Participant: 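The structure under discussion is supplied below as structure tokens; questions concerning it will follow.
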Amino acid sequence: MAESRKVAVIGAGVAGLVTARELQRSGHKVTVFEKSAQLGGTWAYNPKTETDPLGLDPNREIIHSSLYKSLRTNLPRQLMSFNDYPFNDENGKLIHFPGHEEVLKFLTEFAKDFGITELIRFNAEVVRVRRVEYEEDRWVVEWKSDELSSEEEVFDSVVICNGHYTIPKVANIPGINNWPGKQMHSHNYRVPGPFKDQIVVVIGDGPSGLDISRDIATVAKQVHLSTRSSDTEVSKLDNSANLWKHSKIDHVNESGEVIFLDGSSVHADIILHCTGYKYDFPFLETNGIVCVDDNRVGPLYKHVFPPKLSPCLSFVGIPYQTIIFLMFELQAKWIAQVLSGKVLLPSEEEMLTDVEDHNMHLEVAGIPKHHTHRLHPREIEYMDWLAAQVGMPPVGASLKEMYWSLYKFIEVGFIGYRDLWDFENLSQ
């Protein structure tokens, strides 16, 4: 007979919602803690920004979502569906890359259709998660619903689904302390209006850096995109009249100049850091068993279970550069079946050895520690492994073809791929 546990899920974003569904399907009693007044996590647009535009002040009011108003998905809706719950195009316009409003609507309907909404405690910020003293296989979750009171409850298991797109990482630029211009992180970017007639340097040519550069270029005097490459030659980007691509920044100076490794320079008004985010679990107390070191969360077996604390503690949504929604679902199914006793984990020693082997492979391959959880180019292999654990077939051929075809455009930084992408030759 399958075991039933009382499980706390932290976060009601995509990961938390699909995890709650899979846990409930497996017969577990689920409570979802969500610190805001609505579900959706990072997909819930908030026009507010933080008082510190770089997001470094520890006393600032933290805004969870990093959505900007113009954001569209960088994966098509076919790759943002769940196995048995497709992200359909209801209005028949075949918009393959919908805006964030439609994604939030999809998630809201998903939660309603599977009875997840009533499992969520809204406005319940988790402030502490710790093991029960003398009962180390159970956990105390402490949360607050306002500034004056907090409550505690004991659970058999905790699944952490709080996302990792809230706490900014900023670039370490020589001379930045004396640079006189403004700085901000993309976490606090919402609309292009404040950049009107400005000369802007955007650091980072990932999907958000490319998107935001293009957005700002509609109103700015000039936008200069600093790439990760050391040997990029300065050039116009995407045939734009006022958008240039450069190599990495070499240094900045007190006169306001930004000097690139390609030898070019600009006198900029604003530097915008599109430089990623930090994993952060300020509420989690494990006496150092689980820690974050240079954005490596660990040790985590297959990015999910801490060997010493499994299966009672787990994480959904740590890896990136993959088919995100499907990966969340597969991780959640695995956790649910492990907690039910239907699937057994290896021994603690075997899991630790697997983690050590993974980290050693990265080191030998010259992959920095902060990319520990980047799955590319083995994202399909990872998802197929998860699927095998829970008795599901591997990722379908049409989804794989769609994903890899699309990835080629993303990898070369082609900004307009969403407008030109044609799925007519692929299965819908």
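When reading the values below, keep in mind they use all heavy atoms of this one structure, side chains included, and skip hydrogens, waters and symmetry mates. Just so it is clear, the model here is predicted, and its values are computed rather than measured.
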Participant: Within the 3.5 Å criterion, strictly below it, is a donor on Ser36 or Glu34 matched to an acceptor on the partner's side chain?
Facilitator: yes
Participant: Please check: side-chain N/O of Asn162 versus main-chain N/O of Ile10, any donor-acceptor pairing under 3.5 Å?
Facilitator: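 Side chain of Asn162 to backbone of Ile10, a donor-acceptor pair under 3.5 Å: no, none is there.
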Participant: Do Arg77 and Phe87 form a cation-pi contact, if we require the NZ or CZ to be under 6.0 Å from the six-membered ring centre and within 45 degrees of the ring's axis?
Facilitator: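 Verdict for Phe87: a cation-pi partner in Arg77.
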Participant: Would you say that more than 12 heavy atoms from the other residues, nucleotides or ligands in this model lie under 6.0 Å from the CG of Asn172, or not?
Facilitator: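 Not more than 12 within 6.0 Å, no.
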Participant: In this structure, are over 12 heavy atoms from other groups packed under 6.0 Å from Lys278 atom NZ?
Facilitator: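 No - once you tally the heavy atoms of other residues, nucleotides and ligands closer than 6.0 Å, there are 12 at most.
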Participant: Could you give the distance from CZ (Arg25) to CD (Gln337), rounded to the nearest 0.5 Å?
Facilitator: 11.0 Å
Participant: Could you tell me whether the side chains of Ser186 and Ser208 share a donor-acceptor contact shorter than 3.5 Å?
Facilitator: no
Participant: When the ring planes of Tyr382 and His303 are compared, do they come out parallel, tilted or perpendicular, using 30° and 60° as the limits?
Facilitator: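 Answer is perpendicular, since the angle exceeds 60°.
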Participant: Considering all heavy atoms of both residues, which atom of Val30 and which atom of Val9 are nearest to each other, and what is their separation?
Facilitator: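 Heavy atoms only, the tightest pair is CG1-CG2, 3.9 Å.
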Participant: Is there a donor-acceptor contact under 3.5 Å from the side chain of Asp156 to the main chain of Lys6?
Facilitator: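 At least one qualifying donor-acceptor pair exists.
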Participant: Got Phe325 and Tyr85 here, is their nearest side-chain heavy-atom distance under 4.5 Å?
Facilitator: no
Participant: Is the closest side-chain heavy-atom distance between Glu379 and Tyr403 below 4.5 Å?
Facilitator: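 Counting from C-beta outward, Glu379 and Tyr403 do come under 4.5 Å.
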Participant: With distance as the sole test, does Ser226 use its side chain to make a donor-acceptor pair with the main-chain N or O of Ser247 at under 3.5 Å?
Facilitator: yes
Participant: Taking the side chain as everything from C-beta on, heavy atoms only, tell me whether Thr49 gets closer than 4.5 Å to Arg190.
Facilitator: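 Answer yes - side chains close enough.
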Participant: Counting N and O atoms only, with roles assigned by atom type, does the side chain of His370 sit under 3.5 Å from a partner on the main chain of Asn295, one being a donor and the other an acceptor?
Facilitator: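 Between the backbone of Asn295 and the side chain of His370 there is no qualifying donor-acceptor contact (under 3.5 Å).
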Participant: Mark yes or no for whether His100, through its side chain, and Ala44, through its backbone, hold a donor-acceptor pair below 3.5 Å.
Facilitator: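 Side chain of His100 to backbone of Ala44, a donor-acceptor pair under 3.5 Å: no, none is there.
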Participant: Might you work through the salt bridge (Lys or Arg N to Asp or Glu O under 4.0 Å) test for Lys105 and Glu109, ending with a clear yes or no?
Facilitator: CA-CA 6 Å; Lys105 182 173 182 287; Glu109 291 172 350; 2.8 Å; yes
Participant: Taking NZ, NE, NH1 and NH2 as the nitrogens, is one of them in Arg130 or Glu142 under 4.0 Å from a carboxylate oxygen of the other?
Facilitator: no
Participant: Main chain of Asn242, side chain of Ser240: is a donor-acceptor contact present, judged purely on distance under 3.5 Å?
Facilitator: no
Participant: Scan Tyr279, Phe281, Trp334 and name whichever one has a ring pair (Phe, Tyr, Trp, His ring centres under 6.0 Å) with Phe315.
Facilitator: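 In the set Tyr279, Phe281, Trp334, the residue that makes a ring pair (Phe, Tyr, Trp, His ring centres under 6.0 Å) with Phe315 is Phe281.
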Participant: So Val297 and His164, do their side chains get closer than 4.5 Å, heavy atoms only?
Facilitator: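 They are not in side-chain contact.
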Participant: I'd like to know whether NZ of Lys302 has more than 12 heavy-atom contacts from other residues, nucleotides or ligands below 6.0 angstrom.
Facilitator: yes
Participant: Rounded at 0.5 Å granularity, tell me how far CE in Met402 sits from CG in Leu79.
Facilitator: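 With rounding to 0.5 Å, CE (Met402) is 5.5 Å from CG (Leu79).
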Participant: Kindly say whether Gly317 contributes a backbone atom to a donor-acceptor pair with the side chain of Gln331 at under 3.5 angstrom?
Facilitator: yes
Participant: Ile203 versus Ile173: any side-chain heavy-atom pair under 4.5 Å?
Facilitator: yes
Participant: Check whether His185 reaches the backbone of Gly276 with its side chain - one donor and one acceptor, N or O, closer than 3.5 Å.
Facilitator: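 Answer holds: yes.
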Participant: Checking side chain to side chain contact (heavy atoms under 4.5 Å, CB included) against Leu339, which of Cys312, Ser157, Ser314 comes through?
Facilitator: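 Option passing the side chain to side chain contact (heavy atoms under 4.5 Å, CB included) with Leu339: Ser157.
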Participant: Using a 4.5 Å cut-off on heavy atoms from C-beta on, say whether the side chain of Ile160 contacts that of Phe283.
Facilitator: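 Phe283 vs Ile160: side chains touch.
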Participant: Work out which heavy atom in Trp139 is nearest to a heavy atom in Glu285; give both atom names and the distance.
Facilitator: CZ3-O, 4.1 Å
Participant: Do His187 and Ser66 have side-chain N/O donor and acceptor atoms under 3.5 Å apart?
Facilitator: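 Indeed, the side chains of His187 and Ser66 share at least one donor-acceptor pair under 3.5 Å.
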Participant: So, are Glu151 and Arg121 salt-bridged, with charged N and O less than 4.0 Å apart?
Facilitator: no
Participant: Do we see a donor-acceptor contact under 3.5 Å between the side chains of Tyr189 and His273?
Facilitator: no
Participant: Is it true that, when you exclude Glu153 itself, more than 12 heavy atoms of the residues, nucleotides or ligands shown sit nearer than 6.0 Å to its CD?
Facilitator: yes
Participant: I need the single residue from Ile62, Ile63, Leu56 that forms a side chain to side chain contact (heavy atoms under 4.5 Å, CB included) with Arg60. Which is it?
Facilitator: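 Among Ile62, Ile63, Leu56, the one that satisfies the side chain to side chain contact (heavy atoms under 4.5 Å, CB included) with Arg60 is Ile62.
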Participant: Tell me if a side-chain donor or acceptor on Arg418 pairs with a main-chain N or O of Thr73 at a distance below 3.5 Å.
Facilitator: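 Yes.
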Participant: Should Thr19 and Ile335 count as side-chain neighbours, where that means a heavy-atom distance under 4.5 Å?
Facilitator: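 No, too far: nothing below the 4.5 Å cut-off.
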Participant: Using only atom types and a distance under 3.5 Å, with no angle test, would you say the side chain of Ser340 pairs donor to acceptor with the backbone of Lys342?
Facilitator: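 Checking the backbone N and O of Lys342 against the side chain of Ser340, no donor-acceptor pair under 3.5 Å is found.
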Participant: Less than 4.5 Å apart, side chain to side chain, heavy atoms only: is that true for Asp262 and Thr232?
Facilitator: no
Participant: CG of Leu345 to CE of Met351: how many Å apart, nearest 0.5 Å?
Facilitator: 5.0 Å
Participant: Counting only heavy atoms not in Asn287, do more than 12 sit closer than 6.0 Å to its CG atom?
Facilitator: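 Result for CG/Asn287: open.
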Participant: Quick one: closest heavy-atom pair of Ser65 and Thr42, and the distance?
Facilitator: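 In terms of heavy atoms, the two residues are closest at OG-O, 2.9 Å.
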